[in-house]
Protein chains: 2
Amino acid sequence: MTSEKAKAAPIRPLSGFPELLPAQRYVEQQVVATLARTFELHGFANIETRAVEPMDQLLRKGDTSKEVYVLRRLQADDAGADDRAKGIGLHFDLTVPFARYVLENAGKLEFPFRRFQIQKVWRGERPQEGRFREFTQADIDIVGRDTLSFHHDVEVARVMLEALGKLASPDSIGLPGFRLQVNNRKLIQGFYAGLGLDEHGVDEVMRLVDKLDKLDPATVRELLLTEAGVSDDQADKALALATIRTTDDSFVARVRALGVEHELLDEGLDELATLVRACAPLATERTRIEADLSIARGLDYYTGTVFETRLDGYESLGSICSGGRYDALASDGRTTYPGVGISLGLSRLLVTLIQRGGLTADRSVPSVVLVAVTDEESRAGADEVATALRARDIPCEVAPSAAKFGKQIRHAERRGIPYVWFTGAAGKPDEIKDIRSGNQVAADRATWQPPTEDLRPQVVTHTERHSS
Amino acid sequence: MTSEKAKAAPIRPLSGFPELLPAQRYVEQQVVATLARTFELHGFANIETRAVEPMDQLLRKGDTSKEVYVLRRLQADDAGADDRAKGIGLHFDLTVPFARYVLENAGKLEFPFRRFQIQKVWRGERPQEGRFREFTQADIDIVGRDTLSFHHDVEVARVMLEALGKLASPDSIGLPGFRLQVNNRKLIQGFYAGLGLDEHGVDEVMRLVDKLDKLDPATVRELLLTEAGVSDDQADKALALATIRTTDDSFVARVRALGVEHELLDEGLDELATLVRACAPLATERTRIEADLSIARGLDYYTGTVFETRLDGYESLGSICSGGRYDALASDGRTTYPGVGISLGLSRLLVTLIQRGGLTADRSVPSVVLVAVTDEESRAGADEVATALRARDIPCEVAPSAAKFGKQIRHAERRGIPYVWFTGAAGKPDEIKDIRSGNQVAADRATWQPPTEDLRPQVVTHTERHSS
């Protein structure tokens with residue numbers, strides 16, 4: 001009777017659907033735990049939303065750049081018997097589902113509502129480094145009913161800075177230095193309006209100036225003249241604004257020096273200056289905050305603060321952490337829900353650090369101890385040792401077979417398990433061997449405790465692991 | 001400029017895709033943490049697999065009862081330009097992806113390989129109580145290369161019993177009592193072979209006897225005679241075997257009394273007796289282990305031990321936790337990977353307990369403290385208090401507006417936050433109010449500590465919450 005769940009077919013990875021080995025997955029779990037703990041310290045509640053949304057919600061923005069995966073039940077009647085099931089697709093971000101969740105549960109939520117959400121999302125894009133078809137995002141958002149004070153923009157920035165700062169610690173994954181770039185849509189739009197552009201002109205100029213990360217300024221200037229039809233002076237000032245970058249609120253004087261006046265510009269300058277000043281105390285040599293007046297987040301519907309984040313040495317990844325303020329994250333026609341949030345591209349960050357930097361854990365199993373088995377008859381005795389250790393929260397496993405002790409030690413070594421326990425025969429004490437040093441000493445299963453640094457796997461780089 | 005991510009359309013839940021409110025989600029997080037911690041104590045490493053598998057893998061068993069969701073990229077060329085992407089679907093369990101993961105990474109894994117996996121799976125089934133289209137499973141499996149000792153069957157049973165036992169604690173979710181039912185395919189198949197049935201007859205009788213949970217014995221007996229073509233004596237003995245249920249190894253004598261002899265029967269009896277004896281020490285009044293010789297897990301390709309689990313008072317849910325031994329979990333044609341595992345239907349269990357039992361948390365946010373704001377000018381001072389508390393791992397949030405203190409206290413109350421912090425003005429000490437008792441005392445932001453039971457939300461039933 002043969003029975004196989006998977007056989008003979010050649011197995012190859014699916015491009016764009018990254019998977020991790022156990023030791024790498026341990027690193028991801030640690031990152032998720034650090035993020036979750038930080039968000040909870042700031043009062044953010046966790047939620048999960050279903051993986052699917054109705055297609056009309058997913059395509060609402062008319063933005064087809066995020067290629068949606070449509071679902072169909074294999075046995076559904078293709079003639080349309082199951083329209084409801086046909087009309088669903090996998091979510092491509094966590095904002096669309098969150099907006100829907102807020103509307104669906106508005107009567108049961110307390111506003112302002114702080115939530116974090118760490119889930120997979122799917123996009124049928126062409127895979128490349130840091131761009132996947134299945135990936136995990138970590139989002140924080142604060143949503144209000146009718147109104148949401150500006151200080152919440154400051155709050156989400158500070159919370160994400162604190163979370164990234166923790167990941168930068170050598171105790172964590174030693175995230176490289178990074179730069180949080182902030183801007184404000186009111187500032188840009190007010191500036192363009194102050195230049196005399198109408199609403200259409202404002203949108204066109206914003207769209208073209210946003211191309212500065214791909215095109216050189218002369219080309220963008222040419223496009224501003226030909227496509228947006230602005231004057232030389234308007235083009236020069238729009239480009240001048242986009243070159244302003246400061247790490248403090250001195251950008252205000254530089255914008256003022258361009259001589260443009262508009263009420264919305266004043267509001268944007270004021271908000272951005274407040275944000276930069278409030279984030280400044282969190283800055284370090286590795287954690288940098290910068291007002292960058294070229295940031296617009298073109299296609300997304302932000303209405304005030306906007307965020308992007310660049311990782312030192314990984315600039316080709318683009319922004320690893322982006323977001324901003326929506327005056328209407330959601331609306332049911334009667335009530336409007338403004339929101340502000342930031343989304344961290346967890347897979348983009350982590351899979352790249354794993355692939356390029358060899359980030360991993362120093363063992364592939366949670367076990368601190370392998371309990372050796374002298375012979376199969378005494379397996380129950382080895383199980384008792386393991387039970388005693390687990391009762392004191394020490395992860396361990398029992399050897400799979402009563403092979404020679406040398407073979408059992410190599411079994412532990414291959415997994416990175418630091419200790420092997422030998423049960424004492426006939427009244428002799430148990431002994432424990434640290435297989436890194438070779439030291440073997442008497443040990444009491446009721447009291448033995450590993451050093452704290454051995455209790456859980458440690459995050460290391462592949463290089464470190466091999467040189468130690 | 002309007003900008004809305006979701007609006008006017010009436011929002012209704014999608015049947016079969018359950019979602020939780022923040023306080024309910026907190027319960028789910030606690031359950032996941034308890035399971036993960038238990039599995040890790042036993043040396044199981046966590047992995048996640050991608051949500052999709054090639055359709056040929058998903059349909060390998062030819063079992064179309066698990067309706068697969070097929071994926072299609074919205075902008076894919078329907079004429080077949082993107083065959084690869086067209087040929088993928090969402091996984092319907094965690095066993096098929098795990099078998100594929102083992103083959104794909106065999107050279108990088110150490111065997112026997114213990115893993116746990118807690119992820120969503122999708123089936124396009126008709127939704128009903130405890131049956132969803134999207135749901136979470138928690139699986140543990142141990143897989144060997146070429147061989148896998150029987151003691152691992154005992155191991156997975158004991159680990160899952162320990163995990164369920166922890167969930168049964170009043171400190172956890174107070175899971176109702178349950179019954180782990182174990183059997184062994186070798187026992188059944190050896191018994192039928194000993195009755196003189198050929199391989200086809202064995203399969204037929206097993207399939208029909210498996211219907212005893214839906215049909216009465218007389219009907220099944222009739223089917224055995226007409227459909228399987230067995231004799232009266234064979235039918236009577238097959239039914240007699242299926243009525244045997246014991247909480248110890250006394251089932252061996254009862255099977256022997258039926259006078260059937262077969263080598264495979266002996267092996268099955270021996271394995272099952274070993275399993276029942278090894279699990280017996282974990283039994284309590286609420287955690288019961290039972291050899292139930294009617295359990296066969298009909299459609300699944302098990303080859304030895306089989307498990308099912310019934311929850312007291314929730315029998316209509318069917319088995320909440322099932323699994324068994326596969327002689328070939330996976331095979332690449334050269335090497336065979338035997339495995340044994342159990343899968344807990346986390347959503348089936350939890351969503352039902354939440355809906356029927358009102359399981360929830362006593363607050364909807366992680367915050368222990370709401371820091372009140374006297375006026376907007378002093379918000380920075382309130383932020384400093386919050387920062388001081390968070391530095392000592394006390395989750396807190398700052399009031400969203402400088403409303404009257406009564407209103408700020410009600411803001412905390414609606415969220416279930418137990419304490420409100422008032423920053424002392426002009427040299428006066430800070431004060432903290434326990435809003436349950438109304439007590440208000442002086443407090444030092446550098447040393448104040450909430451009672452341990454207040455530090456994190458507590459799992460309660462809806463009834464408890466309202467009566468307290």
Side-chain angles (χ1 to χ4, degrees), chain A residues 3-8 11 17 19 21-22 25 29 40-41 43 45-52 57 67-75 85 95-96 99-100 103-105 108 110 112 124 134 149 151 301 303 326-331 333 364-367 379 390 395-397 400 414-415, chain B residues 3-8 11 17 19 21-22 25 29 40-41 43 45-52 57 67-75 85 95-96 99-100 103-105 108 110 112 124 134 149 151 301 303 326-331 333 364-367 379 390 395-397 400 414-415:
Chain A
S3 53
E4 297 171 11
K5 281 236 162 181
K7 62 179 176 184
I11 303 283
F17 293 87
E19 289 185 331
L21 290 169
R25 166 64 182 157
Q29 286 180 286
E40 284 170 356
L41 277 175
N46 183 240
I47 66 163
E48 287 203 337
T49 53
R50 62 190 189 218
V52 304
Q57 289 290 325
E67 295 191 40
V68 175
Y69 280 111
V70 186
L71 261 60
R72 181 176 64 80
R73 282 171 49 218
L74 185 61
Q75 293 166 59
T95 307
V96 172
R100 189 264 314 151
L103 289 182
E104 191 175 316
N105 299 292
K108 296 168 187 159
E110 298 293 337
E134 174 178 77
S149 300
H151 62 76
Y301 286 17
T303 50
Y326 296 94
D327 279 347
L329 176 77
S331 169
S364 62
V365 290
S367 313
R379 175 169 296 280
R390 288 175 192 133
C396 57
E397 57 193 73
R414 278 197 306 275
R415 289 160 174 74
Chain B
S3 53
E4 297 170 13
K5 279 235 162 183
K7 60 180 179 184
I11 304 282
F17 291 87
E19 288 184 331
L21 290 169
R25 166 63 183 159
Q29 286 181 288
E40 283 169 358
L41 278 175
N46 184 240
I47 65 163
E48 287 204 336
T49 54
R50 62 190 190 217
V52 305
Q57 288 291 325
E67 295 191 42
V68 175
Y69 280 111
V70 187
L71 261 60
R72 180 177 63 81
R73 283 171 49 220
L74 184 60
Q75 294 166 59
T95 308
V96 172
R100 190 263 314 153
L103 288 182
E104 191 175 315
N105 298 291
K108 297 168 188 160
E110 298 293 337
E134 174 179 77
S149 300
H151 62 74
Y301 287 17
T303 50
Y326 296 95
D327 279 347
L329 177 76
S331 171
S364 62
V365 290
S367 314
R379 175 169 295 280
R390 287 176 193 134
C396 58
E397 57 192 73
R414 278 197 305 274
R415 287 160 176 75

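Sequence lines set the chain letters: A, B, ... in the order given, protein chains first and strands last, and positions in each chain run from 1. This one's a predicted model, so the numbers in the text were calculated from it and none came from an experiment.
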Original post:
Looking at side-chain heavy atoms only, is the closest gap between B/R25 and A/E48 below 4.5 Å?
Top reply: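 When only atoms from C-beta onward are counted, A/E48 and B/R25 do touch, with a gap below 4.5 Å.
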Original post:
Can you check whether B/L71 reaches A/V70 side chain to side chain, under 4.5 Å on heavy atoms?
Top reply: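 Contact flag for B/L71/A/V70 side chains = no.
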**OP:** Sort A/E134 into side chain, backbone, both or neither according to what part of it lies under 4.5 angstrom from a heavy atom of chain B.
**Re:** side chain
Could you tell me which non-hydrogen atom of [X] sits nearest to which non-hydrogen atom of [Y], and how far apart they are?
{"X": "B/P112", "Y": "A/P400", "result": "CG-CB, 3.6 Å"}
{"X": "B/I11", "Y": "A/Q57", "result": "CD1-NE2, 4.4 Å"}
{"X": "A/V365", "Y": "B/A45", "result": "CA-CB, 4.4 Å"}

**OP:** Check step by step if side-chain contact (heavy atoms from CB on, under 4.5 Å) holds for A/R73 and B/Y69.
**Re:** CA-CA 5 Å; A/R73 282 171 49 218; B/Y69 280 111; 3.3 Å; yes
Original post:
By side chain to side chain contact (heavy atoms under 4.5 Å, CB included), which residues pair with A/S149, not counting sequence neighbours?
Top reply: A/H151, A/H152
Less than 4.5 Å to any heavy atom of chain A: does that hold for the side chain of [X], its backbone, both, or neither?
{"X": "B/R50", "answer": "both"}
{"X": "B/E110", "answer": "both"}
{"X": "B/N105", "answer": "side chain"}

Subject >> Most contacts with chain A, counted as non-hydrogen pairs under 4.5 angstrom, among B/N46, B/T49, B/V52, B/I47 >> reply: B/N46
Subject >> Between CG on residue A/L41 and SG on residue B/C396, distance to nearest 0.5 Å >> reply: 7.5 Å
Original post:
Quick one: side chain to side chain donor-acceptor pair (under 3.5 Å) partners of A/E40, sequence neighbours excluded?
Top reply: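 Side chain to side chain donor-acceptor pair (under 3.5 Å) list for A/E40, sorted by chain: empty.
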